[in-house]
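What follows is one structure encoded as structure tokens, with my remarks underneath.
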Amino acid sequence: PVKAFTERISDEDLDAAISMIHSSEKPCIIAGGGVIQAGAAEDLGIFAHKLQAPVCCTLMGQGAISQKDELYVGMVGMHGTKAANLCVSECDLLIAVGVRFSERVTGKTEKFAPEAKILHIDVDEAEINKNVRADAGIAGDARVVLRRLNVRLNPQNHEEWFAHAERLTDMYPMSYDKGRLSGPEIIEILDRESPEDTIIVTESGQHQMWAAQYYRFTEARSFLSPGGLGTMGFGLGAAIGAQIAKPDHVVVNVAGDACFRMNMGELATVSREGLPLVELIINNRGLGMLRQWQNFFYGKRCSETELNDQPDYCRIAEAMGIAACRVTTAEELETALREAFSRRKPLLIEAWIDPEDRVFPMCPPGRALEESFDASDLRL
């Protein structure tokens, strides 16, 4: 095993952090991919409950805390929940664990967490004060740091602040048009039908954001995603690796049709090895995230984001020896997923949605997190 990085963790830094925490009235935690890499999810949960603070996760931090936990307020950042973004914007202490503060998380850095002191915990000392100025930092392995803090931390009572976070969650629920099959509904059905220990893999794009927003991850390492690298074609190869590593687990690769094109030849590997993974294509006939940006920020001048040639993905899968089906309703998707999970054989499901489906909420690039908008705001 890799030795935890602990040699620079000083008692002075830990005591300074505890002092900040004990004097805080409105603390908030951001958990990033570093929590998962360090195997620190359990320690983060103990820390959060002793602190009684709302917790939000970055894209790469999905599963760092169970999303069924009462403290979880959602993903933070450009496509984070309004509740999570407002908690970050209103807190007086922001504790960031294993986070690199990418611009997709912070929005406009000058307006990021404007009321808060920032405590940054990261294994890489170079990340502290790189993108966001921290009031205190601890360089070290997240699991070791959290365990040492938990020993020092007195249980806190932040009932009023936590109640406010709950009100924000109630005021700004995640919502979508339920009149037709859509990206969010596909993920909610997947969450409802899949076993608890399912591993969800994604490519890069709208489907990736919907998966992070609507699937309720309860364990670390149950979400594999290319993150900020934005690698189209990542998912199928990663799903193959996950299925080989965890042969008894259900593995689902959630893909967009454009991403699937990048690496669809690897279906031959799935077929040859008899891997029982599910390839779930959310087909909007284009590069949905790029088209969303073109519509919102580039005067609806859509260029090279519409894929009207439309290969038959089901026939491509069948040509490689993999069963496939196309679905257009929630009922058809439920039936297909149940069959896939019971058969334990490879299956490609192509789910058609409206090309104009959007990922909401969305914080415009270069703007403050509290300026996030959703479909209801556009109708005002």
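When a residue number appears, it is its place in the shown sequence, counting from 1.
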Q: Would you kindly say whether Arg261 and Tyr313 are connected by a side-chain donor-acceptor distance under 3.5 Å?
A: yes
Q. What pairs with Trp352 under side-chain hydrogen bond (donor to acceptor under 3.5 Å, both in side chains), at least two apart in sequence or on another chain?
A. Glu350
Q. Is the side chain of Gln62 donor-acceptor paired with the backbone N or O of Phe217 at a distance under 3.5 Å, no angle test?
A. no
(Q) Under a plain distance cut-off of 3.5 Å, with no hydrogens placed, do Glu196 and Thr218 share a side-chain donor-acceptor pair? (A) yes
Q: Please confirm whether the backbone N or O of Gly321 pairs with a side-chain atom of Glu318, one donor and one acceptor, at under 3.5 Å?
A: no
Q) Is Asp124 paired with Arg100 through a side-chain N to carboxylate O contact shorter than 4.0 Å? A) no
Q) Taking atom types as modelled, is there a side-chain donor on Thr269 or Glu266 under 3.5 Å from an acceptor on the other? A) yes
(Q) Looking at Arg148 and Asp13, is there a salt bridge between them, counting it only when a charged N and a carboxylate O are closer than 4.0 Å? (A) no
Q) If two hydrophobic side chains count as joined below 4.5 Å and joins carry through other members, does Phe162 share a cluster with Ile65? A) yes
**Q.** Distance-only side-chain donor-acceptor flag, Glu188 / Tyr176, under 3.5 Å
**A.** yes
Q) For Leu153, does its backbone N or O pair with a side-chain atom of Lys50 as donor and acceptor, under 3.5 Å? A) yes
(Q) Using only atom types and a distance under 3.5 Å, with no angle test, would you say the side chain of Asp135 pairs donor to acceptor with the backbone of Ile118? (A) yes
Q. Charged N to carboxylate O under 4.0 angstrom, Glu370 versus Lys111?
A. no
(Q) Check for me, please, whether Val278 and Tyr214 land in the same ILVMFWY cluster - side-chain distances under 4.5 Å, paths through other members count. (A) yes
Q.
Restricting to salt bridge (charged side-chain N to carboxylate O under 4.0 Å, His left out), what partner residues turn up for Lys300, sequence neighbours left out?
A. none
Q.
With a 3.5 Å distance limit and no angle check, can you tell me whether Gln37 reaches the backbone of Gly33 through a side-chain donor-acceptor pair?
A. no
**Q.** Heavy-atom donor-acceptor pair, Arg8 side chain to Glu125 backbone, under 3.5 Å
**A.** no
Q: Give a yes or no on whether a salt bridge exists between Glu185 and Lys178, defined as a side-chain N under 4.0 angstrom from a carboxylate O.
A: no
Q.
Any donor-acceptor pair under 3.5 Å linking the side-chain atoms of Gln206 with those of Asn284?
A. yes
Q) Should the pair Arg221-Glu219 be classified as a salt bridge under the 4.0 Å nitrogen-to-oxygen rule? A) no
Q.
Given 3.5 Å as the limit, does a donor-acceptor pair link the side chain of Asn85 with the main chain of Lys82, or not?
A. no
Q) Do Asp11 and Arg152 sit within salt-bridge range, that is, some charged N less than 4.0 Å from a carboxylate O? A) yes
Q: Mind checking salt bridge (charged side-chain N to carboxylate O under 4.0 Å, His left out) for Glu371 and listing every partner two or more places apart, or none if nothing turns up?
A: Arg367
Q) Any donor-acceptor pair under 3.5 Å linking the side chain of Ser271 with the backbone of Met320? A) yes
**Q.** Salt-bridge criterion met for Arg147 and Asp43 (N-O under 4.0 Å)
**A.** yes
Q) Do Phe223 and Ile186 sit in the same hydrophobic cluster, where Ile, Leu, Val, Met, Phe, Trp and Tyr count as joined when their side-chain heavy atoms come under 4.5 Å apart? A) yes
Q: Indicate, with yes or no, if Val123 and Val99 share a hydrophobic cluster defined by side-chain heavy-atom contacts under 4.5 Å among Ile, Leu, Val, Met, Phe, Trp and Tyr.
A: no
Q.
Assess whether a salt bridge exists between Asp122 and Lys130, defined as any Lys/Arg side-chain N lying under 4.0 Å from an Asp/Glu carboxylate O.
A. no
Q. Between the side chains of Thr202 and Ser225, is a donor N or O closer than 3.5 angstrom to an acceptor N or O?
A. yes
Q: Classify the side-chain pair Tyr172/Ser372 by whether it contains a donor and acceptor separated by less than 3.5 Å.
A: no
